[in-house]
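The structure appears below as C-alpha coordinates.
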Amino acid sequence: MKIPFVDLYAQYQSIRPEIDAAIADVIAQSAFIRGAHVDKFERAWAETLGVKHCVSCANGTDALYVAMRGLGVKPGDEVITTAHSWISTSETITQAGGRVVFCDTDDDTFTLNPALIESKITSRTVGIIPVHLYGQSCDMDVVMAIAKKHKLWVIEDCAQAHLAKFKGQFVGTFGNAATFSFYPGKNLGAYGDAGCAVTNDDRLADWMATFARHGGKGEHVMEGINSRMDGLQGAVLGVKLPHLQSWTEARRRVAARYTEVLRGVGDLVTPKVGPNRDHVYHLYVVRTGRRDALKKHLADAGIATVLNYPKALPFYPAYSYLGHTPKDFPVAYANQSRILSLPIFPEMTDEMLAYVAASIAEFFGQDQAGKKPPAERAGVASKRA
Ligand SMILES: Cc1ncc(COP(=O)(O)O)c(C=O)c1O
(Lines give C-alpha, C1' and ligand atoms only; values in the text may rest on other atoms or scores of the structure.)
Protein backbone atom coordinates (compact mmCIF):
# COMPACT_ATOMS: atom_id res chain seq x y z
CA MET A 1 0.00 0.00 0.00
CA LYS A 2 1.31 3.50 -0.83
CA ILE A 3 0.38 6.23 1.62
CA PRO A 4 1.18 9.78 0.50
CA PHE A 5 1.93 12.47 3.04
CA VAL A 6 -1.06 14.46 1.76
CA ASP A 7 -3.39 13.66 -1.13
CA LEU A 8 -4.43 16.87 -2.86
CA TYR A 9 -5.80 15.01 -5.84
CA ALA A 10 -8.27 13.12 -3.64
CA GLN A 11 -9.47 16.44 -2.28
CA TYR A 12 -9.84 17.84 -5.81
CA GLN A 13 -11.93 14.83 -6.80
CA SER A 14 -14.30 15.50 -3.92
CA ILE A 15 -15.04 19.07 -5.14
CA ARG A 16 -14.12 18.81 -8.80
CA PRO A 17 -17.23 20.32 -10.45
CA GLU A 18 -17.10 23.42 -8.19
CA ILE A 19 -13.37 23.91 -8.73
CA ASP A 20 -13.58 23.43 -12.48
CA ALA A 21 -16.43 25.93 -12.74
CA ALA A 22 -14.60 28.52 -10.62
CA ILE A 23 -11.41 28.17 -12.65
CA ALA A 24 -13.37 28.43 -15.91
CA ASP A 25 -14.99 31.60 -14.60
CA VAL A 26 -11.61 33.22 -13.85
CA ILE A 27 -10.45 32.38 -17.35
CA ALA A 28 -13.69 33.63 -18.91
CA GLN A 29 -13.26 36.93 -17.07
CA SER A 30 -9.49 37.05 -17.67
CA ALA A 31 -9.35 37.97 -13.98
CA PHE A 32 -5.91 36.49 -13.51
CA ILE A 33 -4.51 38.91 -10.94
CA ARG A 34 -6.82 39.79 -8.01
CA GLY A 35 -10.34 40.44 -9.36
CA ALA A 36 -13.80 39.52 -8.09
CA HIS A 37 -12.93 36.04 -6.78
CA VAL A 38 -10.05 37.41 -4.71
CA ASP A 39 -12.18 40.27 -3.34
CA LYS A 40 -14.91 37.80 -2.41
CA PHE A 41 -12.49 35.43 -0.71
CA GLU A 42 -10.91 38.28 1.29
CA ARG A 43 -14.35 39.20 2.64
CA ALA A 44 -15.31 35.58 3.32
CA TRP A 45 -12.08 34.78 5.20
CA ALA A 46 -12.30 37.94 7.31
CA GLU A 47 -15.93 37.11 8.11
CA THR A 48 -15.07 33.51 9.01
CA LEU A 49 -12.45 34.65 11.51
CA GLY A 50 -14.46 37.62 12.71
CA VAL A 51 -11.82 40.22 11.81
CA LYS A 52 -12.35 43.50 9.99
CA HIS A 53 -9.78 43.17 7.22
CA CYS A 54 -8.11 40.51 5.13
CA VAL A 55 -5.33 41.71 2.82
CA SER A 56 -4.51 39.03 0.28
CA CYS A 57 -0.86 38.53 -0.66
CA ALA A 58 1.07 36.33 -3.05
CA ASN A 59 2.09 33.95 -0.22
CA GLY A 60 2.33 33.66 3.56
CA THR A 61 5.96 34.77 3.65
CA ASP A 62 5.12 38.06 1.95
CA ALA A 63 2.22 38.50 4.36
CA LEU A 64 4.67 38.38 7.31
CA TYR A 65 6.98 40.86 5.61
CA VAL A 66 4.13 43.20 4.68
CA ALA A 67 2.72 43.08 8.22
CA MET A 68 6.11 43.82 9.77
CA ARG A 69 6.72 46.74 7.42
CA GLY A 70 3.23 47.97 8.26
CA LEU A 71 4.06 47.88 11.94
CA GLY A 72 7.14 49.99 11.24
CA VAL A 73 10.07 47.65 11.86
CA LYS A 74 13.30 49.64 11.49
CA PRO A 75 16.98 48.64 11.36
CA GLY A 76 18.14 47.44 14.74
CA ASP A 77 14.66 46.59 16.02
CA GLU A 78 14.53 43.22 17.72
CA VAL A 79 11.70 40.79 17.12
CA ILE A 80 11.25 37.71 19.29
CA THR A 81 10.11 34.49 17.69
CA THR A 82 10.25 30.76 18.16
CA ALA A 83 13.31 28.61 17.53
CA HIS A 84 11.07 25.93 16.00
CA SER A 85 9.32 27.01 12.79
CA TRP A 86 9.64 27.27 9.04
CA ILE A 87 12.25 29.88 8.08
CA SER A 88 9.64 32.33 6.70
CA THR A 89 8.92 33.41 10.26
CA SER A 90 12.47 34.57 10.90
CA GLU A 91 13.77 35.45 7.44
CA THR A 92 11.09 38.11 7.06
CA ILE A 93 12.22 39.77 10.30
CA THR A 94 15.63 40.28 8.72
CA GLN A 95 14.11 41.32 5.38
CA ALA A 96 12.05 43.96 7.15
CA GLY A 97 15.28 45.34 8.66
CA GLY A 98 14.95 43.82 12.11
CA ARG A 99 17.08 41.47 14.19
CA VAL A 100 15.87 37.95 14.87
CA VAL A 101 15.79 36.96 18.54
CA PHE A 102 15.00 33.28 18.96
CA CYS A 103 13.21 31.85 21.97
CA ASP A 104 12.94 28.17 22.97
CA THR A 105 9.73 26.17 22.79
CA ASP A 106 7.36 24.49 25.18
CA ASP A 107 8.06 20.75 25.07
CA ASP A 108 4.41 19.72 25.14
CA THR A 109 3.07 21.89 22.32
CA PHE A 110 6.20 22.72 20.27
CA THR A 111 5.15 26.38 20.38
CA LEU A 112 6.96 29.44 21.73
CA ASN A 113 7.48 28.98 25.48
CA PRO A 114 5.82 32.08 26.91
CA ALA A 115 7.65 31.69 30.21
CA LEU A 116 10.90 32.51 28.41
CA ILE A 117 9.79 35.51 26.36
CA GLU A 118 10.50 38.17 28.98
CA SER A 119 14.10 37.00 29.34
CA LYS A 120 14.59 37.92 25.66
CA ILE A 121 13.20 41.45 25.89
CA THR A 122 15.65 44.36 25.63
CA SER A 123 15.24 48.09 25.07
CA ARG A 124 15.29 47.38 21.31
CA THR A 125 12.51 44.79 21.29
CA VAL A 126 9.52 45.91 19.24
CA GLY A 127 7.43 42.80 18.67
CA ILE A 128 6.72 39.12 19.13
CA ILE A 129 5.81 36.60 16.45
CA PRO A 130 4.23 33.51 18.00
CA VAL A 131 3.73 30.63 15.56
CA HIS A 132 0.74 28.35 16.04
CA LEU A 133 2.87 25.43 14.97
CA TYR A 134 1.47 22.21 13.49
CA GLY A 135 -2.07 23.55 13.99
CA GLN A 136 -1.96 24.27 17.72
CA SER A 137 -2.22 27.69 19.34
CA CYS A 138 0.44 29.23 21.54
CA ASP A 139 -0.65 30.35 25.00
CA MET A 140 -2.07 33.64 23.74
CA ASP A 141 -3.07 34.83 27.23
CA VAL A 142 0.55 35.02 28.29
CA VAL A 143 1.86 36.29 24.94
CA MET A 144 -0.68 39.14 24.86
CA ALA A 145 -0.11 40.04 28.53
CA ILE A 146 3.65 40.33 27.96
CA ALA A 147 3.10 42.37 24.80
CA LYS A 148 0.81 44.73 26.65
CA LYS A 149 3.16 45.11 29.59
CA HIS A 150 6.16 45.92 27.37
CA LYS A 151 4.22 47.80 24.65
CA LEU A 152 5.17 45.34 21.91
CA TRP A 153 3.20 44.43 18.84
CA VAL A 154 2.20 40.82 18.10
CA ILE A 155 1.93 39.22 14.68
CA GLU A 156 0.50 35.72 14.89
CA ASP A 157 1.95 33.37 12.27
CA CYS A 158 -1.10 31.23 11.51
CA ALA A 159 0.31 29.55 8.39
CA GLN A 160 -0.42 26.12 9.88
CA ALA A 161 -3.44 26.91 11.98
CA HIS A 162 -6.56 27.79 9.97
CA LEU A 163 -9.53 27.61 12.37
CA ALA A 164 -7.41 26.64 15.38
CA LYS A 165 -8.65 28.22 18.60
CA PHE A 166 -7.36 29.36 21.96
CA LYS A 167 -10.02 29.61 24.68
CA GLY A 168 -12.68 29.29 21.98
CA GLN A 169 -11.32 32.23 19.96
CA PHE A 170 -9.82 31.80 16.50
CA VAL A 171 -6.07 32.25 16.27
CA GLY A 172 -5.32 35.26 14.12
CA THR A 173 -7.65 37.45 16.15
CA PHE A 174 -5.43 38.12 19.18
CA GLY A 175 -2.51 40.13 17.86
CA ASN A 176 -2.14 43.44 16.02
CA ALA A 177 -2.08 41.39 12.84
CA ALA A 178 -1.91 37.76 11.79
CA THR A 179 -0.73 36.02 8.68
CA PHE A 180 -1.91 32.91 6.87
CA SER A 181 -0.38 30.78 4.16
CA PHE A 182 -2.57 29.11 1.58
CA TYR A 183 0.26 27.01 0.17
CA PRO A 184 -1.38 23.96 -1.49
CA GLY A 185 -0.67 21.50 1.33
CA LYS A 186 -1.98 23.78 4.08
CA ASN A 187 -5.33 23.05 5.75
CA LEU A 188 -6.83 25.68 3.45
CA GLY A 189 -4.65 25.44 0.37
CA ALA A 190 -4.73 27.13 -3.03
CA TYR A 191 -3.52 25.65 -6.31
CA GLY A 192 -0.29 27.62 -6.15
CA ASP A 193 1.19 30.17 -3.77
CA ALA A 194 -1.16 32.45 -1.85
CA GLY A 195 -1.40 34.06 1.58
CA CYS A 196 -2.91 36.93 3.50
CA ALA A 197 -2.58 39.23 6.48
CA VAL A 198 -5.59 39.94 8.69
CA THR A 199 -6.14 42.72 11.19
CA ASN A 200 -8.78 44.77 12.97
CA ASP A 201 -6.65 47.91 12.57
CA ASP A 202 -8.06 50.07 9.73
CA ARG A 203 -4.87 52.07 9.25
CA LEU A 204 -2.66 49.01 9.19
CA ALA A 205 -4.96 47.22 6.74
CA ASP A 206 -4.93 50.18 4.40
CA TRP A 207 -1.14 50.51 4.62
CA MET A 208 -0.56 46.78 3.99
CA ALA A 209 -2.95 46.70 1.00
CA THR A 210 -1.24 49.74 -0.52
CA PHE A 211 2.29 48.49 0.13
CA ALA A 212 1.57 44.98 -1.24
CA ARG A 213 0.23 46.47 -4.49
CA HIS A 214 3.11 48.67 -5.62
CA GLY A 215 2.33 51.44 -3.18
CA GLY A 216 -1.05 52.24 -4.68
CA LYS A 217 -2.87 51.92 -7.95
CA GLY A 218 -2.76 55.03 -10.13
CA GLU A 219 -1.24 57.20 -7.41
CA HIS A 220 1.88 55.58 -5.93
CA VAL A 221 1.88 57.06 -2.47
CA MET A 222 4.96 55.02 -1.58
CA GLU A 223 7.26 52.43 -3.07
CA GLY A 224 5.75 49.05 -2.37
CA ILE A 225 6.17 45.49 -3.53
CA ASN A 226 4.27 43.24 -5.90
CA SER A 227 2.47 40.74 -3.70
CA ARG A 228 -0.94 40.21 -5.27
CA MET A 229 -3.04 37.07 -5.06
CA ASP A 230 -3.81 35.41 -8.40
CA GLY A 231 -7.45 35.25 -9.46
CA LEU A 232 -7.22 31.47 -9.82
CA GLN A 233 -6.04 31.14 -6.22
CA GLY A 234 -8.85 33.36 -4.96
CA ALA A 235 -11.38 31.26 -6.88
CA VAL A 236 -10.00 27.95 -5.57
CA LEU A 237 -9.89 29.25 -1.99
CA GLY A 238 -13.45 30.54 -2.33
CA VAL A 239 -14.64 27.08 -3.31
CA LYS A 240 -12.66 25.36 -0.57
CA LEU A 241 -13.51 27.66 2.33
CA PRO A 242 -17.05 26.30 2.95
CA HIS A 243 -15.51 22.81 3.30
CA LEU A 244 -12.79 23.84 5.75
CA GLN A 245 -14.75 23.09 8.92
CA SER A 246 -15.64 19.55 7.86
CA TRP A 247 -12.08 18.91 6.64
CA THR A 248 -10.81 20.14 10.01
CA GLU A 249 -13.13 17.74 11.80
CA ALA A 250 -11.91 14.92 9.55
CA ARG A 251 -8.30 15.79 10.48
CA ARG A 252 -9.25 15.70 14.16
CA ARG A 253 -10.79 12.25 13.72
CA VAL A 254 -7.64 10.94 12.03
CA ALA A 255 -5.49 12.45 14.80
CA ALA A 256 -7.66 10.98 17.55
CA ARG A 257 -7.47 7.54 15.96
CA TYR A 258 -3.69 7.77 15.57
CA THR A 259 -3.34 8.74 19.21
CA GLU A 260 -5.52 5.82 20.23
CA VAL A 261 -3.72 3.15 18.21
CA LEU A 262 -0.19 4.45 18.81
CA ARG A 263 -0.53 4.68 22.58
CA GLY A 264 2.14 2.54 24.26
CA VAL A 265 3.88 1.63 21.01
CA GLY A 266 7.66 1.63 21.49
CA ASP A 267 8.95 4.90 22.88
CA LEU A 268 6.60 6.94 20.68
CA VAL A 269 5.27 10.18 22.12
CA THR A 270 2.07 11.26 20.40
CA PRO A 271 1.11 14.96 20.13
CA LYS A 272 -0.07 16.65 23.30
CA VAL A 273 -2.75 19.28 23.26
CA GLY A 274 -2.18 22.17 25.66
CA PRO A 275 -4.97 23.56 27.85
CA ASN A 276 -7.62 25.69 26.13
CA ARG A 277 -6.52 24.69 22.65
CA ASP A 278 -8.54 23.43 19.68
CA HIS A 279 -5.86 21.76 17.57
CA VAL A 280 -6.46 21.57 13.80
CA TYR A 281 -3.71 19.02 13.07
CA HIS A 282 -2.09 20.55 10.04
CA LEU A 283 0.61 18.05 10.99
CA TYR A 284 0.56 15.01 13.25
CA VAL A 285 4.04 14.93 14.76
CA VAL A 286 5.27 12.02 16.88
CA ARG A 287 8.57 11.78 18.71
CA THR A 288 10.91 8.84 19.11
CA GLY A 289 14.57 8.27 19.89
CA ARG A 290 14.70 5.98 16.82
CA ARG A 291 13.32 8.58 14.41
CA ASP A 292 15.64 8.02 11.42
CA ALA A 293 15.27 4.24 11.49
CA LEU A 294 11.48 4.54 11.81
CA LYS A 295 11.36 6.98 8.90
CA LYS A 296 13.29 4.51 6.75
CA HIS A 297 11.12 1.59 7.83
CA LEU A 298 7.99 3.52 6.86
CA ALA A 299 9.48 4.60 3.54
CA ASP A 300 10.26 0.94 2.77
CA ALA A 301 6.61 0.18 3.52
CA GLY A 302 5.48 2.89 1.05
CA ILE A 303 4.53 5.43 3.72
CA ALA A 304 5.64 9.03 3.20
CA THR A 305 6.75 10.96 6.28
CA VAL A 306 8.33 14.40 6.62
CA LEU A 307 10.64 16.18 9.06
CA ASN A 308 9.05 19.48 10.08
CA TYR A 309 11.78 20.57 10.49
CA PRO A 310 15.14 18.82 10.19
CA LYS A 311 16.78 21.46 12.41
CA ALA A 312 15.62 24.13 14.78
CA LEU A 313 16.06 27.51 13.10
CA PRO A 314 19.06 28.79 15.12
CA PHE A 315 21.12 25.78 13.99
CA TYR A 316 20.86 26.37 10.23
CA PRO A 317 23.87 27.96 8.51
CA ALA A 318 21.66 30.99 7.80
CA TYR A 319 21.82 31.82 11.52
CA SER A 320 25.36 30.76 12.32
CA TYR A 321 26.15 34.49 12.65
CA LEU A 322 24.13 34.48 15.87
CA GLY A 323 26.57 31.95 17.36
CA HIS A 324 23.98 29.87 19.18
CA THR A 325 24.71 26.52 20.79
CA PRO A 326 22.29 23.71 21.74
CA LYS A 327 22.17 24.88 25.34
CA ASP A 328 20.50 28.11 24.19
CA PHE A 329 17.44 26.17 22.97
CA PRO A 330 17.54 22.78 24.69
CA VAL A 331 13.93 21.84 23.92
CA ALA A 332 13.95 22.77 20.24
CA TYR A 333 17.39 21.18 19.88
CA ALA A 334 16.33 17.89 21.49
CA ASN A 335 13.19 17.71 19.37
CA GLN A 336 14.95 18.25 16.05
CA SER A 337 16.30 14.70 16.06
CA ARG A 338 13.14 13.10 17.49
CA ILE A 339 10.22 14.52 15.49
CA LEU A 340 8.49 12.76 12.61
CA SER A 341 5.36 13.95 10.82
CA LEU A 342 3.03 11.10 9.86
CA PRO A 343 0.63 11.32 6.90
CA ILE A 344 -2.55 13.19 7.76
CA PHE A 345 -5.21 14.59 5.46
CA PRO A 346 -9.01 14.72 5.60
CA GLU A 347 -9.48 12.02 2.98
CA MET A 348 -7.27 9.52 4.84
CA THR A 349 -9.23 6.28 5.28
CA ASP A 350 -9.32 4.01 8.34
CA GLU A 351 -7.57 1.39 6.27
CA MET A 352 -4.71 3.75 5.41
CA LEU A 353 -4.35 4.82 9.01
CA ALA A 354 -4.40 1.24 10.23
CA TYR A 355 -1.67 0.36 7.76
CA VAL A 356 0.53 3.21 9.03
CA ALA A 357 -0.13 2.18 12.64
CA ALA A 358 0.58 -1.47 11.91
CA SER A 359 3.84 -0.57 10.18
CA ILE A 360 4.92 1.52 13.16
CA ALA A 361 4.01 -1.23 15.61
CA GLU A 362 5.91 -3.71 13.49
CA PHE A 363 8.99 -1.46 13.59
CA PHE A 364 8.92 -1.45 17.37
CA GLY A 365 8.53 -5.26 17.46
CA GLN A 366 5.16 -5.01 19.06
CA ASP A 367 4.69 -8.79 18.95
CA GLN A 368 7.92 -9.38 20.86
CA ALA A 369 6.92 -6.84 23.46
CA GLY A 370 4.09 -9.20 24.39
CA LYS A 371 1.37 -6.86 23.23
CA LYS A 372 -1.39 -7.58 20.78
CA PRO A 373 -0.08 -8.20 17.27
CA PRO A 374 0.09 -4.95 15.31
CA ALA A 375 -2.59 -6.01 12.82
CA GLU A 376 -5.08 -6.68 15.62
CA ARG A 377 -4.30 -3.42 17.40
CA ALA A 378 -4.78 -1.45 14.23
CA GLY A 379 -7.78 -3.38 13.00
CA VAL A 380 -6.42 -4.57 9.65
CA ALA A 381 -4.19 -7.23 8.18
CA SER A 382 -0.51 -6.54 8.62
CA LYS A 383 1.24 -5.07 5.61
CA ARG A 384 2.90 -8.40 4.94
CA ALA A 385 -0.40 -10.29 4.88
C1 LIG B 1 4.98 28.57 10.06
C2 LIG B 1 4.99 29.10 8.66
N3 LIG B 1 5.11 30.42 8.46
C4 LIG B 1 5.11 30.96 7.23
C5 LIG B 1 5.00 30.17 6.12
C6 LIG B 1 5.10 30.81 4.77
O7 LIG B 1 4.05 30.54 3.92
P8 LIG B 1 4.26 30.52 2.33
O9 LIG B 1 4.85 29.21 1.96
O10 LIG B 1 2.85 30.67 1.82
O11 LIG B 1 5.12 31.65 1.95
C12 LIG B 1 4.86 28.78 6.25
C13 LIG B 1 4.74 27.90 5.08
O14 LIG B 1 5.15 26.79 5.04
C15 LIG B 1 4.86 28.23 7.57
O16 LIG B 1 4.73 26.92 7.77
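Hydrogens, waters and symmetry mates play no part in the numbers below; they use all other heavy atoms, side chains included. Whatever order the structure lists ligands and atoms in, that order sets their numbers, starting from 1.
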Identity and separation of the nearest protein heavy atom to atom 3 (N) of ligand 1: D157 OD2, 2.7 Å
S90 and Y319: CA distance, side-chain angles, deciding distance, side chain to side chain donor-acceptor pair (under 3.5 Å) verdict: CA-CA 10 Å; S90 50; Y319 295 107; 2.8 Å; yes
Salt bridge flag under 4.0 Å for residues D107 and R287: yes
Distance filter under 4.0 Å to N59 heavy atoms, resulting ligand 1 atoms: 10 (O), 11 (O)
Side-chain heavy-atom pair T125, V101 within 4.5 angstrom cut-off: no
G60-ligand 1 polar pair, N/O distance under 3.5 Å: yes
Shortest protein heavy-atom distance from atom 11 (O) of ligand 1, along with the residue and atom involved: T61 OG1, 2.4 Å
Closest approach of any protein heavy atom to atom 14 (O) of ligand 1, naming residue and atom: K186 NZ, 2.7 Å
Top protein contact for atom 16 (O) of ligand 1, by heavy-atom distance: Q160 NE2, 2.9 Å
Atom indices of ligand 1 within 4.0 angstrom of V131 heavy atoms, with elements: 1 (C)
Atom 2 (C) of ligand 1 [closest protein heavy-atom partner, distance rounded to 0.1 Å]: A159 CB, 3.3 Å
Atoms in ligand 1 with a heavy atom of S88 nearer than 4.0 Å: 4 (C), 5 (C), 6 (C)
same_hphob_cluster(V154, L204) at 4.5 Å side-chain heavy-atom cutoff: no
Electrostatic pair D300-K296, nearest N-O below 4.0 angstrom: yes
Backbone or side-chain N or O of S85 under 3.5 Å from ligand 1 N or O: no
Protein residue, atom and distance nearest to atom 9 (O) of ligand 1, heavy-atom basis: S181 OG, 3.9 Å
Between Q11 and D7, a side-chain donor and acceptor under 3.5 Å: no
Per-atom contacts, ligand 1 versus Y309 - under 4.0 Å to a heavy atom: 16 (O)
Aromatic centroids of H162 and F182 separated by under 6.0 Å: yes
Check: F364 ring centre within less than 6.0 Å of H297 ring centre: no
